[in-house]
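This report refers to the structure that appears directly beneath it.
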Number of protein chains: 2
Amino acid sequence: MRFEAITIKDIAKALGLSTSTVSRALRDSYEISPETKQKVIAYAKENNYRPNPIALSLKEKRSSSIGVIVSEIANSFFSQAINGIESIANEKGYNVIIAQSKEELEREDSALQYLASRSVDGILLSVSSRTSNFDHIKKLYDRGMPMVSFDCLVDFEGIHKVMVDNIKAAYEGTEHLINKGFKNIACIASSSFLSITTERVKGYTAALHKYNQPIQTNNIEYIPHGGLIQEEIYEAMDRLMNQKEKPDAILACSDRITTNVMRYCQNKKINIPKQLGLIGFSNLDLTDLLTPSLSVVRQPAYEMGRAAADLLIKMLESKRAITEFENVVIPSTLIERDSSMQIKL
Amino acid sequence: MRFEAITIKDIAKALGLSTSTVSRALRDSYEISPETKQKVIAYAKENNYRPNPIALSLKEKRSSSIGVIVSEIANSFFSQAINGIESIANEKGYNVIIAQSKEELEREDSALQYLASRSVDGILLSVSSRTSNFDHIKKLYDRGMPMVSFDCLVDFEGIHKVMVDNIKAAYEGTEHLINKGFKNIACIASSSFLSITTERVKGYTAALHKYNQPIQTNNIEYIPHGGLIQEEIYEAMDRLMNQKEKPDAILACSDRITTNVMRYCQNKKINIPKQLGLIGFSNLDLTDLLTPSLSVVRQPAYEMGRAAADLLIKMLESKRAITEFENVVIPSTLIERDSSMQIKL
DNA sequence: TTGTATGCGTTATCAT
DNA sequence: ATGATAACGCATACAA
């Protein structure tokens, strides 16, 4: 037996009315008599009637659903962001369709095509770390697909953005290490062409500059796949640690980079923070247990998800010109560990 | 400007053909002349034509989408499971709509109604820890909605399940603690009426029995919200630690419970494993860094997601009787820490 | 106040 | 080999 939902037609037949009368009664139209209305609503309720959203979509040319493209769901930052997106979407009666780019350009593009063809009303996009060219995105945007770029940003005229103040976040993280007495701080970041990377590196160098520490280009490592591939981070660490003047601390500029730098240190038996200082961007749930070795820059993932979904849905539902909407910048949080809070492992 | 996709009608008009000819040409029907076919396909490709899945759904009475209900997306176990679900769905041309129950019965029920009304072809469900009664689920199932229950299981006649061998997992975890020399092992689990709970507790008691350790009911704590609420775990720990004969080790039966037991120990400055042994079910990405204090039972979340999605889609696409499909049991993994691999924190 | 007809995009059935 | 028409479920312009 196939699952069959009750339709307006069924109600009409059962009550000896026409479908339009039923439709109008259910939408509480003024043209319908109270008695009929009541009868229809009672029957609908009794039989658990729900309008078929597919038929509605076809008619209204909108699906009340928004698409989300992230690099990977199983990444705390994004699962928290999706959580935020979901909460807003739920409130406003939208549903969420999720697609993953897995940090690959082709997958990102096909996800984009897929969502467009699924008739989503709009798209929330955090680009993959391999996306150096935004043409495929701009093309869809120019065809009229509403979009909001969040976290890993797309940059072209008109597109709306929800972001954190990455410069400040990286600046504060670096400053924290400097204040702890580290003198030769390296930085591992994602792809060099991404805004989140250039901004975080900018914050890093700004802090070094402010505290009169030398800025060495061989102390900055860029990771092609944004940390998805462990080996790439290990290789970067190898390069850094094999320098003549090897760094005494690391600024790890993403969730995955942070985790894998810690793994590297564990494998190589490098003591954090005695042999190597570390501060990382991280949203993992357990980071608070890794005190006092790890101070983290926490990205407000949930809040970003909410802000991005809120902005997109406002754009969708407003008649105002799209240019009237403003980008959103959300502050990140530096979580400093107190050594006295140490868990004895 | 609103995003408008190209339709068969547009192609027909542009090429001076009828919609049915275009439709047939695109589906490579034998009745269409090669020239026409070629012309249509070329035009479609050039203009990036994609069939409108909404119209298709309305016609076919199927949406090529499956619904997933989990307690929370931002929980590593579920985000990994969703990852697995997504991978299978992608392969087979389905899309995934996700809903969260937040461990609340009403939210679970409304998610169920929502997905049914969204015309999903089937549902993957991990029940909330507050679901002691399956009537709302069975009702939908009996109306013909294909379902697969995974992880937190639903149990009624006919429903298909994808699960881990919880008894074995908990047995091995407990055995591990016993082998380390712990003599008074307590157990913190989720709601008492859930199969995952009863099975894990069964594995726990079986191990104690096997090694001739006393089984004390006040050494078993049940958490109403499955660990979503930190206080509930703290209270359980308080009760355990305030007993006259307080336990020397804990078996934590879920991801959230494990994390929060660790947090509790950190706050109370309880040394793991010197003052208190701990083994927990955990899927967090960072657990491998918490050596050697924490051996974990790792749930094969990704594999479960894949197995569940695979089973559901096979059920959807097969003409065979639903009873012919078999439940899937997936083994969990015990990850024992080697003290020599200690990260110096 | 209610009913009839149309269209959203697609395919299947029936013409031609 | 191609075209016209109906149907999926719904909302609505138009008729009565």
Side-chain angles (χ1 to χ4, degrees), chain A residues 2-41 43-44 47-65 93 114 116-121 144, chain B residues 2-41 43-44 47-65 93 114 116-121 144:
Chain A
R2 177 84 133 307
F3 178 83
E4 297 274 0
I6 182 175
T7 72
I8 275 190
K9 209 188 235 174
D10 299 325
I11 301 180
K13 201 176 292 170
L15 266 43
L17 293 167
S18 76
T19 58
S20 44
T21 303
V22 173
S23 171
R24 276 183 282 232
L26 290 169
R27 332 204 89 245
D28 200 26
S29 161
Y30 66 95
E31 332 170 80
I32 303 295
S33 74
E35 306 86 63
T36 309
K37 218 180 258 184
Q38 212 247 309
K39 215 166 47 174
V40 170
I41 291 173
Y43 187 91
N47 293 76
N48 200 24
Y49 167 80
R50 306 256 174 167
N52 180 331
I54 300 217
L56 232 63
S57 299
L58 188 59
K59 174 128 193 55
E60 306 286 322
K61 295 197 162 203
R62 55 191 291 277
S63 59
S64 289
S65 63
Y114 172 74
S117 84
R118 291 302 304 183
S119 311
V120 294
D121 298 342
Chain B
R2 178 81 134 305
F3 178 82
E4 298 274 0
I6 183 174
T7 72
I8 278 192
K9 210 188 233 175
D10 299 325
I11 301 179
K13 201 177 294 173
L15 266 44
L17 293 167
S18 75
T19 58
S20 34
T21 303
V22 173
S23 173
R24 278 183 281 231
L26 289 171
R27 334 203 89 245
D28 201 26
S29 161
Y30 66 96
E31 328 169 82
I32 304 294
S33 74
E35 307 86 61
T36 309
K37 217 179 259 184
Q38 211 248 307
K39 216 166 43 172
V40 169
I41 292 172
Y43 187 90
N47 293 78
N48 200 25
Y49 168 80
R50 307 254 173 167
N52 180 331
I54 301 221
L56 234 62
S57 297
L58 187 60
K59 183 135 190 49
E60 306 284 321
K61 293 194 164 209
R62 56 191 291 276
S63 59
S64 289
S65 63
Y114 171 74
S117 84
R118 292 300 307 181
S119 311
V120 294
D121 297 343

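The chains referred to below are lettered A, B, ... by the order of the sequence lines, with proteins before strands, and numbering in each begins at 1.
- Between B:A5 and B:D10, the shortest heavy-atom contact is O-OD2, 4.2 Å.
- Note on A:T7: only backbone sugar-phosphate atoms sit closer than 4.0 angstrom, heavy atoms only; bases stay farther off.
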Any N/O pairs under 3.5 Å between the protein and nucleotides 5-7 of chain C? List them or say none.
| residue | atom | partner | partner atom | Å |
| --- | --- | --- | --- | --- |
| C:dG7 | N2 | A:K59 | NZ | 3.2 |

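- Across all non-hydrogen atoms, the minimal contact from A:T19 to A:A12 is N-CB, 3.8 Å.
- Computed from coordinates, the B:I8 CD1 to C:dA12 P distance equals 11 Å when rounded to whole Å.
- Looking at the side chain of B:I32, the nearest of the listed nucleotides D:dT2, D:dA11, C:dT2 is D:dT2.
- Residue-level contact check: B:S57 touches neither bases nor backbone, having no heavy atom under 4.0 Å from any strand.
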**Q.** side chain to side chain contact (heavy atoms under 4.5 Å, CB included) between B:T21 and B:I32, worked out
**A.** CA-CA 7 Å; B:T21 303; B:I32 304 294; 3.9 Å; yes
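- For A:L56 and C:dG9, the CG to P distance is 15 Å, given to the nearest whole Å.
- One interatomic measurement links the two molecules: CD of A:Q38 to P of C:dT1, which rounds to 16 Å at whole-angstrom precision.
- Look at NZ on A:K37: it is 13 Å from C1' on C:dT2, rounded to the nearest Å.
- Dashed line: the shortest gap from a side-chain N or O of A:S18 to OP1 or OP2 of C:dG3 is under 4.0 Å.
- Nucleic acid contact for B:L17: sugar-phosphate only, since backbone atoms but no base atoms lie under 4.0 Å from a heavy atom of the residue.
- Of the possible polar contacts, one joining the A:N52 side chain to the A:I54 backbone as a donor-acceptor pair under 3.5 Å is found.
- Picking from C:dT11, D:dC10, D:dC8 the nucleotide with the shortest atom distance to the side chain of B:K61 gives D:dC8.
- Here the shortest heavy-atom pairing between A:L26 and A:Y49 reads CD1-CE2, 3.6 Å.
- Between the P atom of D:dA1 and the NZ atom of B:K39 lies a distance of 14 Å, rounded to the nearest Å.
- Other residues, nucleotides and ligands contribute more than 12 heavy atoms inside 6.0 Å of the CD atom of A:E31.
- A:K9 NZ to A:K13 NZ: the interatomic distance, rounded to the nearest 0.5 Å, is 6.5 Å.
- What separates CD1 of B:I6 from P of C:dC8 is a distance of 15 Å, to the nearest Å.
- Counting only heavy atoms from C-beta on, A:T21 has its side chain closest to C:dG3 among C:dT10, C:dG3, D:dG9.
- Using a 4.0 Å cut-off, some side-chain N or O of B:S33 falls inside it from OP1 or OP2 of D:dT2.
- To the nearest angstrom, P of D:dA11 lies 14 Å from CD1 of A:I54.
- Mapping B:L58 and A:R24 onto DNA chain D via the closest heavy atom, the residue that lands nearer the 5' end is B:L58.
- We find the CD1-NZ distance between A:I11 and A:K39 to be 12.5 Å, quoted to the nearest 0.5 Å.
- Distance from the side chain of A:N52 is smallest for D:dC10 among the nucleotides D:dC10, C:dG9, D:dA1.
- B:E4 has its CD atom 11 Å from the P atom of C:dC8, to the nearest Å.
- Within the 4.0 Å cut-off from OP1 or OP2 of D:dC10, at least one side-chain nitrogen or oxygen of A:Y49 is found.
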